[in-house]
Asks: 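Below you will find the structure I want to go over with you.
Heavy-atom basis, side chains included; hydrogens, waters and symmetry copies ignored. All chains are named by letter (A, B, ...) in the order of the sequence lines, taking the proteins before the strands, and each is independently numbered beginning at 1.
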There are 2 protein chains.
Amino acid sequence: MQEDKRHELASTVLDNPRNQRQEVQALQDTIYVIGGKWRLPIINSICNGNKRFREIERSIPGITTRMLSRELKEMEANQLIQRTVIPSTPVVVEYTSTDYCHSFGDIILEMIKWGKQHRERIKH
Amino acid sequence: MQEDKRHELASTVLDNPRNQRQEVQALQDTIYVIGGKWRLPIINSICNGNKRFREIERSIPGITTRMLSRELKEMEANQLIQRTVIPSTPVVVEYTSTDYCHSFGDIILEMIKWGKQHRERIKH
DNA sequence: GTTACCAGTATAATCAAGTATACCAACTAT
DNA sequence: ATAGTTGGTATACTTGATTATACTGGTAAC
């Protein structure tokens with residue numbers, strides 16, 4: 001039993017080339033940052049060229065103005081997006097993605113891929 | 001309203017080559033399936049070769065026995081993992097991943113990649 | 001014989017995430 | 001004039017996810 005533990009530790013820390021600990025940490029970090037129902041769909045929408053509040057809202061089925069408003073604020077604070085007010089008449093507000101925001105591209109792509117495959121799977 | 005809806009539908013379905021609607025749907029499906037803090041870390045742990053309950057538990061920082069127990073049950077019901085009881089003495093319980101479970105591999109990999117880059121970014 | 005491991009369950013509490021609904025001050029098109 | 005758009009805010013509420021803590025029955029090692 002004691003032997004077992006020593007062996008397990010050794011195999012995790014020393015033998016495992018992929019370093020499990022670090023990977024779990026990284027995974028949990030990512031889950032923390034993009035957690036919740038709306039973060040990723042909003043990022044996706046803005047990256048797809050939607051700029052205006054109502055435009056983004058309409059592009060995401062099920063989201064409420066409150067949630068969108070809250071998330072946009074937080075994402076602006078975290079430098080994921082940029083909010084620009086154009087002083088035309090009427091005033092126009094535009095949301096655009098930052099470089100940082102684009103770093104989620106691959107994750108979103110993989111998730112879209114999975115979602116599509118999943119639909120196919122349950123259809124047949 | 002009726003006009004509007006028809007127009008919106010037309011612009012989405014016809015004009016947009018990447019078919020936004022479908023992609024948002026796929027993305028939201030995926031988020032639904034892997035939602036929560038623990039699903040992905042558990043899948044990752046089991047795919048990394050952890051089989052025993054306490055072994056999985058120890059490999060995921062912060063998880064409680066209750067959450068692990070609940071998630072494992074649900075994941076077994078959804079055919080993401082297999083639970084095997086080996087009637088040795090003492091009885092041994094093993095959790096193993098199914099093929100379906102492996103379909104999350106790319107998502108997890110991308111998320112680990114992002115998490116590592118993120119650590120690097122905030123370190124400097 | 002007491003300490004520790006295994007595979008969990010039970011109970012209760014907390015707390016953030018999300019919903020529902022209404023409202024606002026501009027502005028615009030009919 | 002009035003119905004509708006835009007970019008939101010306010011208030012109240014629900015609920016589901018997660019945590020904390022304790023406990024169980026069996027095995028085994030010291």
Asks: Using 0.5 Å steps for rounding, measure from the OG atom of A/Ser103 to the CD1 atom of A/Ile107.
Replies: 7.5 Å

Asks: Suppose the criterion is ring-ring contact (aromatic ring centres under 6.0 Å, His included): which pairs have a residue in residues 101-123 of chain B, not counting sequence neighbours?
Replies: A/Phe104-B/Trp114, A/Trp114-B/Phe104, B/Trp114-B/His118

Asks: Between A/Trp38 and C/dA16, is there a contact of a side-chain N or O with OP1 or OP2 at under 4.0 Å?
Replies: no

Asks: List the atom of B/Leu68, the atom of B/Ile42, and the distance in Å for their closest heavy-atom pair.
Replies: CD1-CD1, 3.8 Å

Asks: For C/dC6, does OP1 or OP2 lie under 4.0 Å from any side-chain N or O of B/Arg58?
Replies: yes

Asks: Can you pull out every side-chain hydrogen bond (donor to acceptor under 3.5 Å, both in side chains) where at least one residue sits in residues 75-87 of chain B? Sequence neighbours excluded, please.
Replies: B/Arg83-B/Tyr95

Asks: Could you tell me whether the side chain of B/Met75 reaches within less than 4.5 Å of the side chain of B/Ile43, counting heavy atoms only?
Replies: yes

Asks: When every nucleotide of nucleotides 22-30 of chain C is labelled 5' to 3' by its protein contacts under 4.0 Å (heavy atoms), B for base, S for sugar-phosphate only, - for none, what sequence of letters results?
Replies: -----SS--

Asks: Grab the CD-P distance between A/Glu94 and D/dG8 for me, whole Å please.
Replies: 12 Å

Asks: I'd like a list of close polar pairs between nucleotides 11-14 of chain C and the protein, N/O only, cut-off under 3.5 Å.
Replies:
{"unit_1": "C/dT11", "atom_1": "O4", "unit_2": "B/Arg66", "atom_2": "NE", "d": "2.8"}

Asks: The criterion is side chain to side chain donor-acceptor pair (under 3.5 Å); which residues satisfy it with B/Glu74, sequence neighbours excluded?
Replies: B/Arg39

Asks: May I ask you to evaluate whether B/Lys73 reaches the phosphate of C/dG8, defined as a side-chain N or O under 4.0 Å from OP1 or OP2?
Replies: no

Asks: Given a cutoff of under 4.5 Å between side-chain heavy atoms of I, L, V, M, F, W and Y, with clusters grown through shared members, what are the other residues clustered with B/Ile86?
Replies: B/Val92

Asks: With a cut-off of less than 4.0 Å, is there a side-chain N or O of A/Ser69 near OP1 or OP2 of D/dT9?
Replies: yes

Asks: Using a 4.0 Å heavy-atom cut-off across all strands, classify A/Arg83 as base, sugar-phosphate, or nothing.
Replies: sugar-phosphate

Asks: Just to confirm, is there a sub-4.0 Å distance from OP1 or OP2 of D/dT6 to any side-chain nitrogen or oxygen of A/Tyr95?
Replies: no

Asks: Nearest-nucleotide wise, let me know which of A/Gly36 and B/Phe53 is further upstream toward the 5' end of DNA chain C.
Replies: B/Phe53

Asks: More than 12 foreign heavy atoms under 6.0 Å from OH of B/Tyr100: is that the case here?
Replies: yes

Asks: Once you round to the nearest 0.5 Å, how far does CD of A/Gln117 lie from OG1 of B/Thr30?
Replies: 9.5 Å

